[in-house]
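Quick one: the structure is below, and I'll ask about it shortly.
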Amino acid sequence: MRRLALVLLAAAALTACSRRDEPAPPAAAPAAPKTTLQVLATSDLKDLEPLAAQIEAATGVAVHFRFGGTMESTQEVLSGSTADAAWFANAKYLLSDAAGQGRVKLQEKIMLSPIAVGVSESDAARFGWNKPDAKLTWADITKAAKRGELRYALSNPATSNQGFMALLGVVAAAGGKGEALTAADVDRQAIADFLTGYKIVGDNSTYLAEQFTRQQGTRANAFINYESWLLSLNASGKLREKLHLIYPFEGVSTADYPFMLLNDAKRADYLKVVEYLKGDTAQLWLARQTLRRPMKAELAAQVADLLPARGFQVELPFSPDRQLADGLIDAYLNEFRKPIASTFVLDTSGSMQGQRREQLVEAIHYLAGADVSLTGRVAKLTNREKLWFLPFSDRPREPVLFEIPAGTRVAKGVAPQADTDAKKAELQRVRDSADSLRMAGGTALYDSVLAALNHMLEQRKLNPDYQYSVVAFTDGKNTVGRNLDAFKQAYEQLPEDVRGIPVFMVLYGDAAEGDLKQLVSITGGRVFDARKTPLYAVFKDIRSYQ
């Protein structure tokens with residue numbers, strides 16, 4: 001599957017409490033007989049789920065949403081989805097591909113939300129960026145990031161539409177080109193300067209919002225995302241201070257949320273739903289509930305109190321150069337971003353024997369393999385990466401290091417390629433180490449996570465130019481050593497630097513989910529449930545947060 005579809009990823013929706021409390025739109029008399037429309041939607045559209053009842057009441061068409069990640073959803077469309085329709089934030093890449101054009105029978109843009117740079121108001125004032133006549137550019141954003149003045153949260157450019165489009169804005173500004181931009185025009189130094197300010201990484205905008213709220217004013221002072229997300233965050237009352245929204249002068253990419261027909265046999269039902277969604281009642285409800293802009297200018301005036309005036313805004317040209325998109329994502333993963341350094345805390349207690357061990361070993365093989373699918377490309381180990389295995393049972397063992405070569409450049413505009421033999425040999429070491437895992441003993445989980453955090457702290461002192469994290473895999477409750485309260489006490493004694501090292505927990509078997517959710521809330525990580533999702537898919541999700 002082609003990598004460029006990765007950039008379709010859009011932000012997941014904020015909870016309803018962060019939106020304006022508005023009554024549901026009045027519905028027209030239902031049409032008869034009732035029919036159904038199966039809609040494959042990306043998770044950023046979960047805030048639209050309450051609208052399904054209104055659509056059914058107005059049209060007689062029962063819309064059944066099925067939400068998924070953008071990569072998986074895109075791959076499903078290209079492979080021939082059984083869904084009747086699809087709803088993404090942006091379909092430029094999908095529809096620029098011959099296979100995508102063949103799958104999508106019709107498409108209608110439903111609402112709008114441009115990319116914006118939200119800067120803490122005090123910093124925006126200090127930089128002079130809040131003046132009415134300020135015309136900030138991507139070049140200004142890049143220079144501020146390089147100087148250390150702008151420290152931002154952003155969705156992973158390799159897996160999200162808004163992250164990629166922000167990166168493309170920097171490239172277009174530095175190259176002085178738009179639609180004619182090619183891979184050879186990429187200013188590699190401009191990308192490196194921009195990414196100097198990239199401090200909070202994630203794939204899910206809800207997670208990013210939580211982390212930004214937690215670290216605003218210390219680790220980060222800006223959030224790059226869709227306008228609707230930033231406005232919702234401002235309205236939530238959770239921030240230390242509100243964000244001043246900047247729309248870079250050269251242009252931004254706007255999500256237009258195309259609603260796409262996949263099953264031509266459902267054309268009549270699709271057209272009914274589209275007519276309702278583009279009607280004034282639904283458009284105003286969408287604007288008030290989700291803070292996305294209506295398609296009609298005359299309706300925008302009715303929600304002007306919710307949506308800031310932007311004046312004339314340039315839309316960032318979309319380059320049709322496929323090599324540019326692929327090259328930028330490869331370069332981000334293997335060259336420009338802070339390389340990943342992580343410790344995998346591997347539960348090798350007796351309860352892991354059998355199928356659970358097989359699943360863990362298979363997932364590590366996936367991580368160190370050569371899967372070229374959309375999800376596989378993101379999940380696999382990348383150039384310059386450092387990975388430690390820290391197995392544990394009754395006690396944590398000594399971490400074992402694996403290091404992926406940095407690679408050498410083979411052509412202008414192309415990301416460095418790891419030396420093939422050296423990389424293959426190191427990946428084989430990873431797989432061999434997984435094969436050698438033996439399961440016996442108890443579960444000293446909290447002692448082992450604490451040991452991994454201390455290890456990462458020491459490594460960061462030696463080399464601060466990595467993105468550090470701890471990933472723990474467990475199938476059972478803690479039975480040996482510190483309990484959760486003792487872990488909390490020990491964690492509080494660690495240096496402040498530990499706040500920048502998230503702990504991701506992967507659960508399967510009989511793991512104590514409640515306790516582990518408390519642990520990640522303390523450490524700024526996330527819980528991934530491998531009891532509901534295949535472990536290889538969990539690996540892909542984790543990689544998006546690193």
Specify the closest pair of heavy atoms between L307 and R292, including all atoms of both residues, with the distance to one decimal.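 Nearest pair, atom of L307 first, then R292: CD1-O, 4.3 Å.
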Distance alone, cut at 3.5 Å: any donor-acceptor contact between the side chains of H64 and Q38?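 Yes, Q38 and H64 have a side-chain donor paired with an acceptor closer than 3.5 Å.
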Stepwise side-chain contact (heavy atoms from CB on, under 4.5 Å) check, K143 with L150: CA-CA 9 Å; K143 290 175 184 177; L150 194 75; over 6 Å; no
Residue pair M111 / S228, side-chain heavy-atom distance below 4.5 Å: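 No, every pair of side-chain atoms sits at 4.5 Å or beyond.
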Distance-only, no hydrogens or angles: does the Y276 side chain make a donor-acceptor pair with backbone N or O of E56 under 3.5 Å?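 No.
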Which heavy-atom pair separates T42 from A89 by the least distance, and what is that distance?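 It is OG1-N, 4.2 Å.
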Evaluate whether atom CD of E315 has more than 12 neighbouring non-hydrogen atoms of other residues, nucleotides or ligands under 6.0 angstrom away.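 Check passes, neighbour count above 12.
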To the nearest 0.5 Å, tell me how far I110 CD1 sits from K278 NZ.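 Answer rounded to 0.5 Å: 6.5 Å.
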For the OG1 atom of T254 and the CG atom of N90, what is their distance to the nearest 0.5 Å?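 Answer rounded to 0.5 Å: 9.0 Å.
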Does the D269 side chain pair with the main chain of L37, one donor and one acceptor, at a distance under 3.5 Å?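 The answer is no, because no donor-acceptor pair under 3.5 Å joins these two groups.
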Using every non-hydrogen atom in the two residues, find where I501 and S469 come nearest and quote the distance to one decimal.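 What the structure gives for the nearest pair is CG2-CA, 3.9 Å.
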Is the shortest heavy-atom distance from the side chain of L286 to the side chain of P294 under 4.5 Å?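 The answer is no; the side chains never approach within 4.5 Å.
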Whether the side chain of H244 engages the backbone of W129 through a donor-acceptor N/O pair (distance < 3.5 Å, no angle test) should be reported.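 Here the side-chain-to-backbone pair exists.
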Identify the heavy atoms of V63 and A52 that sit nearest to each other, and give their distance.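 That would be O-CB, 3.8 Å.
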Any side-chain heavy atom of T74 sitting closer than 4.5 Å to one from F88?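 The answer is yes; the side chains approach within 4.5 Å.
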Do F67 and F65 have ring centroids that are under 6.0 Å from one another?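 Between F67 and F65, which both carry aromatic rings, the centre distance is below 6.0 Å.
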Taking atom CZ of F249 as the centre, report whether more than 12 heavy atoms of other residues, nucleotides or ligands fall under 6.0 Å from it.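 12 or below, so no.
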Between V252 and M165, is any pair of side-chain heavy atoms under 4.5 Å apart?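 No - every pair of side-chain heavy atoms lies 4.5 Å or more apart.
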Polar side-chain atom of W87 near backbone of M260 as donor-acceptor pair, under 3.5 Å: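 No, because the side chain of W87 does not come within donor-acceptor range (under 3.5 Å) of the backbone of M260.
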To check you understand the geometry: which heavy-atom pair defines the closest contact between G525 and Y207, and what is its length?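 That closest heavy-atom pairing would be O-CE1, 3.7 Å.
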Quick check: are there more than 12 heavy atoms from other residues, nucleotides or ligands sitting under 6.0 Å from NZ of K146?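 Atom NZ in K146 is not packed in, count stays at 12 or less.
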So, E149 and R126, do they make that salt bridge, N to O below 4.0 Å?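 No.
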Answer with yes or no whether the side chains of Q162 and S155 bring together a donor and an acceptor at under 3.5 Å.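 Their side chains do contain a donor-acceptor pair, which is all the 3.5 Å distance test asks for.
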Is there side-chain contact between K242 and L233, with at least one heavy-atom pair below 4.5 Å?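 A side-chain contact under 4.5 Å is absent here.
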Mind checking whether L195 and Y152 have side chains closer than 4.5 Å, heavy atoms only?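 Of all side-chain heavy-atom pairs linking Y152 with L195, at least one is under 4.5 Å.
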Kindly give the heavy-atom pair with the smallest separation between R219 and I200, and that separation in Å.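 So the minimum-distance heavy-atom pair works out to NH1-CG1, 4.0 Å.
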Is the shortest side-chain N to carboxylate O distance from K135 to D140 below 4.0 Å?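 Judged by the 4.0 Å cut-off on N to carboxylate O distance, K135 and D140 do not form a salt bridge.
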Could you tell me the separation between the CZ atom of R188 and the CZ atom of F336, rounded to the nearest 0.5 Å?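 Going from CZ on R188 over to CZ on F336, the span is 4.0 Å.
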Lys/Arg-Asp/Glu bridge criterion (N-O < 4.0 Å) met for E76, R103: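 The answer is no: the pair does not qualify as a salt bridge.
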For the side chain of Y198 and the backbone of L154, is there at least one donor-acceptor N/O pair under 3.5 Å apart?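 Yes: the side chain of Y198 pairs with the backbone of L154.
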To the nearest 0.5 angstrom, please state how far the CG atom of L333 sits from the CG atom of N156.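 Between L333 CG and N156 CG, I get 7.0 Å after rounding to 0.5 Å.
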Using modelled atom types only, decide if a donor and an acceptor are shared between the side chain of S81 and the backbone of A83 within a distance under 3.5 Å.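 Yes; judged by distance alone, with no hydrogens or angles, the pair exists.
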Ignoring hydrogens and angles, tell me if any N or O in the side chain of Q283 forms a donor-acceptor pair with the backbone of M295 under 3.5 Å.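 Yes.
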Where do F223 and L243 land on the side-chain contact (heavy atoms from CB on, under 4.5 Å) test, with the steps shown first? CA-CA 8 Å; F223 195 171; L243 300 173; 4.2 Å; yes
Has the side chain of K238 got a donor or acceptor atom that lies under 3.5 Å from a matching backbone atom of A209?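 No.
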Looking at R240 and Q216, would you say the former's side chain and the latter's main chain have a donor-acceptor pair under 3.5 Å?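 Between the backbone of Q216 and the side chain of R240 there is a qualifying donor-acceptor contact (under 3.5 Å).
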side-chain hydrogen bond (donor to acceptor under 3.5 Å, both in side chains) for Y270 and E108? Distances and angles first, verdict last. CA-CA 10 Å; Y270 165 85; E108 287 287 343; 5.6 Å; no
What pairs with R531 under side chain to side chain donor-acceptor pair (under 3.5 Å), at least two apart in sequence or on another chain?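 R531 satisfies side chain to side chain donor-acceptor pair (under 3.5 Å) with E513, D529 only.
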Quick one: does Y226's side chain get under 4.5 Å of I115's, heavy atoms only?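 A side-chain contact exists here, since the closest heavy-atom pair is under 4.5 Å.
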Spatial distance of atom NZ (K266) from atom OG1 (T35) [nearest 0.5 Å]: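 So the gap between those two atoms works out to 5.5 Å.
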Quick one, K105 with N263, criterion side-chain contact (heavy atoms from CB on, under 4.5 Å). Give me CA distance, side-chain angles, the key distance, then yes/no. CA-CA 8 Å; K105 313 305 179 186; N263 178 6; over 6 Å; no
Check: D193 main-chain N/O paired with T196 side-chain donor or acceptor under 3.5 Å: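 Checking the backbone N and O of D193 against the side chain of T196, a donor-acceptor pair under 3.5 Å is found.
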Any side-chain heavy-atom pair of R288 and V303 under 4.5 Å: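 Yes - at least one pair of side-chain heavy atoms lies under 4.5 Å apart.
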Determine, stepwise, if the pair D187 / V171 fulfils side-chain contact (heavy atoms from CB on, under 4.5 Å). CA-CA 6 Å; D187 185 332; V171 171; over 6 Å; no
Using 30° and 60° as the class boundaries, would you call the ring planes of W138 and F194 parallel, tilted or perpendicular?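 Correct class here is perpendicular.
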By salt bridge (Lys or Arg N to Asp or Glu O under 4.0 Å), which residues pair with E241, not counting sequence neighbours?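 Salt bridge (Lys or Arg N to Asp or Glu O under 4.0 Å) list for E241, sorted by chain: empty.
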Would you give the length of the straight line joining atom CD of Q101 to atom CD of Q107, rounded to the nearest 0.5 angstrom?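 Q101 atom CD to Q107 atom CD measures 10.5 Å (nearest 0.5 Å).
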Is the Lys NZ or Arg CZ of R214 less than 6.0 Å from the centre of F212's six-membered ring, within 45° of the axis?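 No, R214 does not lie over the aromatic ring of F212.
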